[in-house]
Amino acid sequence: MLPQPASAQVSADDFNALKKTVEQMNEKLQKLEQTHAQDQQIIQQLQQQLGETKVAVTNAQQTADNAAKVQSASPALNVSEGPMHNFTIVGDAETQFGKTAGQHSSFVQADFAPIFLFRASDDVLFEAGFDFILANNGTMISDRSPGNTTTVNLSFATLDYLLNDYMTLEAGELLLPLGTYSERSAGWLNKIPDNPLARDSIVPGTGVGVELRGALPIGASGQSLTFAGYAVNGPSSGATNSIASASALDLNGNVGNNGNWHGNPSGGGRVGWFIPWKPHYDFELGLSGQSGQWSDSGNRSWTAGVVDAALHYGPNIEVKGEYIKTWVGSDDLGTIRPNGWWVQGGYKLAGMGLELPYINNFELMGRYDYLNDALGTKTDRYTAGLVYYFSNTLLFEADYEWLRSHGPAALPPNSFILQLSYGF
Amino acid sequence: MKTTNRLNSLRPARRSGIFLALLASVIFAAPIAFVVAGDTNSPPAQVEPVKPAKNVAKKKLTGAELYQINCNRCHAERYPTEFTSAQWKSIVTHMRVRANIPAAQAREILKYLQQDSGN
């Protein structure tokens, strides 16, 4: 006989015990699953924290890098001790060397341009910029007297009163926000040593008067809408008689200084839109204008309109430019329309990521500019340049300019310019 | 000498000056109204292309970020250690005015610069 299988004889007790064990195991399993889910959550949190830590480390590294770079950068002029606590001197200095076709090469000029900042209180700042220029007379075509000429100019001098978070009132000798060039052209800022032609000949860079300016932030991404409105002594007439001939327009003349044929002050303004989308990537567009009377004779007016734009596409690419159009009323030629534009691009070779010595300190420059003086002379110019950064504010610039000019006031042809600029 | 002439010249000019100032205020009031209206109705349109987290758009930009966005678009970056804390206060005020930087942003930038400023 076969022995009876043991399994057949499971007692109810045994069964219940077994059932209980299974139930307990089930419970444990559930708990384990729960714990597992919690663990997963914790892991996720840890991963997130790790990510944040990485970002923090990167930032810290950047700061450290910056700090390291500074050691080789310019030393600050320190006048912040003692009673002159709120007084700071900054500024820039340049030396230029030039060679124009058909002329001898020479050191063209040296320029020392200190800026004095005096912070009278949290809301009041006085800023004044001077230009000490030593120019070689040899390069002045009209006056070939030997030696040098030293000139001292006041570039700007304003009292700034911060009315509130969005508005500042400025009074004094203003850099005009007519386009952006004159407000942003200190020597170490400029990557090409000379100004675009149109900037030097059809619009004024400064004016004496008052200005209300400011900015409104838009959203949380750093965008802003900027504005400036001003009234200044505008361009005037350099004529010695009361005829408003077009050639008598004096852009830098100050209305009201002599005689009666110099017109009234003018008013102007600019609105700008600054759109950054991440650090080093931004676009700015501005519209500005100024209008006023430049000669009392027949109430002749002078009006200018400027469109400016600037783009940064990463830390190594910059493109900017301006289009300028002016309207000049005159007794002899009716309304003439001097106009011009310029566009400038820069590319820092660091963008190529080459591991070669020095190469990352170079920036390639290119500019095109055009000027039509509406008195018969048209000029266009191509500039190719190279900037070498010894530090963030010590720049060496070399530029070659191809210039074509036709008309009664034609400009000298191609030239070569070297410049050393330092900002402090 | 210049000053007296300048003052004299202001008188006949007052009318046109006032007119221009008014004109300017109208031109500038329009965008202000637009921005104020825009602020309440619409969420910030920009979503930052920063990788890790999803809800960055609402995050306020830090002083360091604002410094990176604003302080090297007109000129090469100036490093915090180049100037003292007091000098930075004057310089950032100077830049706030020159570059039309909204005050709240300028304050954050100043804090950032002063943290690592030279002495």
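The shown structure was predicted, so the numbers you read here are calculated from the model rather than taken from an experiment. Below, read A as the first sequence line, B as the second, and so on, with proteins coming before strands; counting in each chain starts at 1.
For A/Phe156, the part lying near chain B is the side chain, with the backbone staying farther off; criterion is any non-hydrogen pair under 4.5 Å. If you measure heavy-atom distances from A/Leu395 to chain B, you find no contacts under 4.5 Å at all. The contact between A/Glu183 and chain B is made by backbone and side chain atoms together, counting heavy-atom distances below 4.5 Å. Residue A/Phe274 touches chain B through its side chain alone, counting heavy-atom pairs closer than 4.5 Å. Contacts of A/Asn164 with chain B are made by backbone atoms alone, with heavy-atom separations under 4.5 Å and no side-chain atom involved.
With salt bridges taken as basic N to acidic carboxylate O contacts below 4.0 Å, none links A/Asp308 and A/Lys320.
Heavy-atom pairs under 4.5 Å with chain B peak, among A/Glu318, A/Lys191, A/Arg213, at A/Arg213. In terms of non-hydrogen atom pairs under 4.5 Å with chain A, the most contact-rich of B/Ala103, B/Ala104, B/Pro102, B/Ala76 is B/Pro102.
Closest approach of A/Glu170 and A/Thr158 over heavy atoms only: OE1-OG1, 3.0 Å.
The distance between the ring centers of A/Phe116 and A/Phe118 does not fall below 6.0 angstrom.
Judged by a 6.0 Å distance limit and a 45° cone about the ring axis, A/Lys348 is positioned over the six-membered ring of A/Tyr389.
Put simply, the residue from A/His312, A/Glu284, A/His280 that forms a side chain to side chain donor-acceptor pair (under 3.5 Å) with B/Arg73 is A/Glu284.
A side-chain donor-acceptor contact under 3.5 Å links B/Glu65 to the backbone of B/Thr62.
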